[in-house]
Amino acid sequence: MTTERTLSVPGLAYGGDYNPEQWPEEVWAEDMRLMREAGVTMVSVGIFSWALLEPAEGTYDFSRMDRLLDLLRENGIAADLATPTAAPPAWFFRSHPEALPVDRDGRRLSYGSRQTFCASSPAYREAALRITRTLGERYAEHPAVVMWHVHNEYGCHNAACYCDTSAETFRRWLRERYEDLSDLNHAWGTTFWSQWYYDWDEILPPRATGAVPNPTHQLDWRRFCSDELLSLYTAERDALRVAAPSTPVTTNFMVMENFDALDYWRWAPELDIVSNDHYLMSADPASEIDVALSGDLTRSLAGGPWLLMEHSTGAVNWQPVNRAKRPGELRRNALAHVAHGADGIAYFQWRAAEAGAEQWHSAMLPHAGTESRIWHDVVRLGGDLKALAEVRDSIGTAEVAVVWDWNARWALELPSQPSSDLRYLDLVRSWYEPLWRSNHAVDFVRPDADLSHYRLVLVPSLYLVDDAGAANLTGYAERGGTLAVGFHSGAVDENCHVRLGGYPGAFREALGVRSDELFPLLPGETAALGGQVPPGATGTLWSERLYLKGAEAIAGYTDGPLGGCAAVTRHAYGTGSAWYLATHPDADTLATLLDRMCSEAGVVAPLAGPPGVEIVRRRGEDADYVFLIDHAGDGAELPVPPGTTELLTGKRIQGSVSVPAGDVAVVRVPRPDEAGAA
Ligand code: GLA
């Protein structure tokens, strides 16, 4: 949270998207009663209500919203009031068909769902700002409104529009970036394939074309699309600020689920409160790791606590098969988000819809009503969050930093790479997973972040890095840090130009290695590894012919075309050390290597627990809060220091805390001086 505009809801906020316009008003009274029963403290309202709030251009009907906000106020429930701009009404598109987006293939889409508009459309921008201003002026002083929720999940369905208006805006963005057309030509390498531009107007969005489009063109397009949506957000935010200067503003991010359209490092500083939406993927056998990773990434973007704006109580409706949660999973998921820094938990949505595109999406109040497991769990969670109120504002404790960068992600996944099997998120998660299993707390950082307070800095994948980022990372090792870099990193600069002289480009010197040829591995192909790695170790995805230039070989290939060549290296660099993983080691080997790096760097986990029990610590002013989450379902008994209280039960603990099978415990551990007094 970046400014003094903070959330005036006590303790940990609890609630969800509340869309009462889907129901007759008689139902609202029951909603209030049940929200109170569940301990709901804040709901997001109005997210998709543009068509009802503005039935015709410039004609407003706020009567329903007035009644709703008054009702919430009477019931002591705060409102996170949304601007409804993610779903323009049909009347808008009938007068402005040019505001409908065009896809890569030149097809103009139709209205009839949501988020189907062109981000560069002047008509959309004007209409969105008009309803935002009007809403802001009307409700700035309403006592129920504690936060503005701008739009909804920017870019979720319309990350890019390829129409002529977008093309013009893209050219303006490029002019600002390059000023001189020949600089753009050099940055994009347009001498290749006769792509040289003589006039700015020749430049188009990367629309469908016969062969591979220019990589830098595509990369700049992604940067532009992220910035263009960001400018919509900041315009709405600024309009709200005029009306309500002290009300915090958020918009809900989607840092996971393979959504990669927005460079959230650029977005986060523009929010008063960072919030995120997270959903489990049914096909993920260990989705608890995804929860943790997403929480850590959001906390890192926020630079502190954040809000979980959406999650599901059970199945979603947008995957091929939508799995319900297992017993206890709702509680484990929600409290894991809190463990990783959430100061509030909210769901999509309050009451399961009877009709509409999301009628098969779970909710806090399911179709089955209150006689249901979900309702029981929802009420219980309300009690849990109340019991954890004091955890609010406590912070993370990571000693390990993992570099995360959207530009590197976009560039890595461009077509025509040495291998199309490299998925950024998979690579980062494979490094994150063993750290998670060992209960090592992790922050995510930008390549140019201040790294001085981390003991270990990991770079699972950083294909693209600019000179400043590379110097920051290598300087960290040189000044005594432990740095580890994954294969195919440092390969290109910010313009996607290959760094010449051998791989891994920008990191060669610090890593003390150089390779002259890349040997990516085929799907299913493995390379046997020997050396200081577990017996039977293998690499997949990648190999390269690596020469040692000062580094020692930790592991090497035992046969194949690269037999005898190093695959994992370690270099004493300056007063620190720099590791290179020139292949993708199997999970056990990667865990062994990371474990060794952690112990060499002096990284300590908060508490050792049995496998499958996640242990996360948040640091408060006077105490630490240790979350123990049993994902394995075996239950656990863990020793705790004297003076400890289990917050969910309120019991003072003597000697050890027990975590029931599949359940959660949260202990308050006083700092040593307070423990002494206890
Ligand atoms: C997104 C949206 C919500 C809803 C949920 C369903 O997160 O923001 O409006 O569609 O997905 O999972």
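Atoms within a ligand are numbered from 1 in the order they appear, just like the ligands themselves.
- Looking at M254, E310, H278 and measuring to atom 7 (O) of ligand 1, the nearest heavy atom belongs to E310.
- Taking CD of E228 as the start and CZ of R125 as the end, the distance is 5.5 Å to the nearest 0.5 Å.
- Judged purely by distance below 3.5 Å, without hydrogens or angles, the side chains of N252 and D277 pair a donor atom with an acceptor atom.
- Side-chain contact check for Y432 and D296: at least one donor-acceptor pair (N or O, by modelled atom type) lies under 3.5 Å.
- Every atom of ligand 1 is numbered from 1 in the order shown, and the set under 4.0 Å from a heavy atom of N152 is 2 (C), 8 (O), 9 (O).
- Inclusion of W318 in the set of residues having an N or O under 3.5 Å from an N or O of ligand 1 is warranted.
- Around CD of E37, the count of heavy atoms belonging to other residues, nucleotides or ligands within 6.0 Å exceeds 12.
- The protein atom (non-hydrogen) at minimum distance from atom 6 (C) of ligand 1 is H361 NE2, 3.0 Å.
- The aromatic rings of Y111 and F93 lie parallel to each other, with less than 30° between the two planes, well short of the 60° mark.
- Near F48, meaning under 4.0 Å from one of its heavy atoms, ligand 1 places the atoms 9 (O).
- Here is the list of ligand 1 atoms found below 4.0 Å of a heavy atom in E153: 1 (C), 2 (C), 7 (O), 8 (O).
- Counting the atoms of ligand 1 from 1 in the order shown, those under 4.0 Å from a heavy atom of E358 are 4 (C), 5 (C), 6 (C), 10 (O).
- For Y424 and W404, the ring centers are positioned less than 6.0 Å apart.
- Note: W306 and H337 have perpendicular aromatic rings, judged against thresholds of 30 and 60 degrees for the angle between ring planes.
- Given atom 9 (O) of ligand 1, the protein heavy atom at minimum distance is R114 NH1, 2.9 Å.
- Residue contacts with ligand 1 for Q349 are absent, since no atom lies close enough (heavy atoms, distance under 4.0 Å).
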